[in-house]
Amino acid sequence: MSNQQARGKLIVFEGTDGTGKTTQRNLLGQYLQNQGYPVIITKEPTEGPYGMKIRDLYRHRNRYSREEELELFLADRRHHVTEILHPGLLDGKIILCDRYYFSTAAYQGALGLDPEAILALNDFAPEPDLVLLFQASLDIGLQRITAGRGETLNNFEQREFLEKVAAIFSTIKRPYIFNVDASGPIEDVHRLVVRYVMDLLQPAYTAAQD
Ligand code: TMP
């Protein structure tokens, strides 16, 4: 994956649905802003031109072939990279991104496409500095979606499918991917997240706390 020269940091939140990624991304954003860091909070799928099509995909998944589905997520990412990620990194921003190409490998991989081949198709996208892979049982995740948010499951959120997604996530190994146990209280998970992020942003500072 391509890396920028003068760059900020790209921190990615990954995991199956209902693991609390978005809550933790927002809490971390607040924390870093309070510390004076220049933060950009963003997500995939984006709100851009391909985002609408992807939302249609949630509702009518069988209207699209898996190849078309993959192409939509890639097109959305190209737009995101050009509009938000590259400029932000060049400008020295700390970018907190909810989902990235590991989701494409895991979700579209769960449809039968080759996860490694999907990762290779993303070589236009900057490689993250840190990926936090949120892990909680699917029971917790599905319950958070249905009871907690009062939502019904979309096509991406069916249990059997998510089991495959979780299995693929756990096969992707990169030195900057760390598992986060997301089953505990929000404050405990936040502390873990802060720890990983401050190790990245201020290694000397966190080492001195030990
Ligand atoms: P969200 O619930 O985090 O907004 O994500 C919407 C769904 O899109 C989620 O179930 C995961 C799925 N997804 C993919 O299938 N492929 C991708 O590349 C991305 C970014 C998300």
Side-chain angles (χ1 to χ4, degrees), residues 1 10-26 28-29 41-85 95-128 131-136 138 140-146 148-170 172 177 180 182:
M1 318 281 152
L10 178 56
I11 299 172
V12 171
F13 293 72
E14 286 285 14
T16 48
D17 304 78
T19 44
K21 295 181 304 313
T22 310
T23 304
Q24 292 296 335
R25 182 206 57 176
N26 293 343
L28 178 68
I41 290 189
T42 187
K43 71 178 293 254
E44 293 188 2
T46 70
E47 306 287 327
Y50 295 98
M52 294 306 285
K53 290 195 180 162
I54 290 174
R55 274 176 198 99
D56 185 49
L57 175 71
Y58 294 166
R59 288 186 295 274
H60 311 286
R61 203 164 188 190
N62 28 17
R63 260 190 216 166
Y64 296 80
S65 71
R66 56 192 188 181
E67 287 76 16
E68 285 169 328
E69 176 170 325
L70 173 63
E71 211 26 72
L72 274 180
F73 283 107
L74 290 175
D76 188 45
R77 181 158 309 117
R78 280 193 201 93
H79 182 79
H80 194 208
V81 167
T82 311
E83 297 295 316
I84 310 276
L85 302 186
I95 302 180
L96 309 184
C97 185
D98 198 344
R99 296 195 182 282
Y100 201 39
Y101 51 71
F102 309 91
S103 278
T104 324
Y107 282 78
Q108 280 59 58
L111 293 177
L113 299 173
D114 174 11
E116 282 301 326
I118 294 174
L119 290 175
L121 285 173
N122 282 276
D123 62 356
F124 63 89
E127 193 161 23
V131 175
L132 298 173
L133 178 56
F134 278 58
Q135 293 182 316
L138 289 181
I140 294 181
L142 294 173
Q143 222 236 329
R144 280 178 181 162
I145 295 168
T146 49
R149 298 187 211 154
E151 294 172 13
T152 50
L153 300 181
N154 69 34
N155 279 334
F156 289 95
E157 295 165 344
Q158 304 303 318
R159 171 178 263 282
E160 201 186 327
F161 181 71
L162 286 184
E163 277 167 4
K164 287 191 198 157
V165 172
I168 298 175
F169 267 132
S170 63
I172 305 174
I177 300 182
V180 172

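Whatever order the structure lists ligands and atoms in, that order sets their numbers, starting from 1.
Atom CZ of Arg77 sits about 11.0 Å away from atom CZ of Arg99, to the nearest 0.5 Å. In this structure, the separation between CG on Asp17 and OH on Tyr107 is 3.5 Å, given to the nearest 0.5 Å.
Each of Asp17, Lys43, Glu44, Pro45, Tyr58, Phe73, Arg77, Arg99, Ser103, Thr104, Tyr107, Gln108, Phe156 has a non-hydrogen atom positioned under 4.0 Å from some atom of ligand 1.
Taking the six-membered ring for Trp and thresholds of 30 and 60 degrees, Phe13 and Phe134 have ring planes inclined between 30 and 60 degrees apart.
No side-chain N or O of Tyr100 forms a donor-acceptor pair with one of Asn122 less than 3.5 Å apart. One side chain, His80 or Thr42, offers a donor N or O that lies under 3.5 Å from an acceptor on the other.
Residue Lys21 comes nearest to Asp98 through the heavy atom pair CE-OD1, 3.5 Å, listed as atom of the first residue, atom of the second, then distance.
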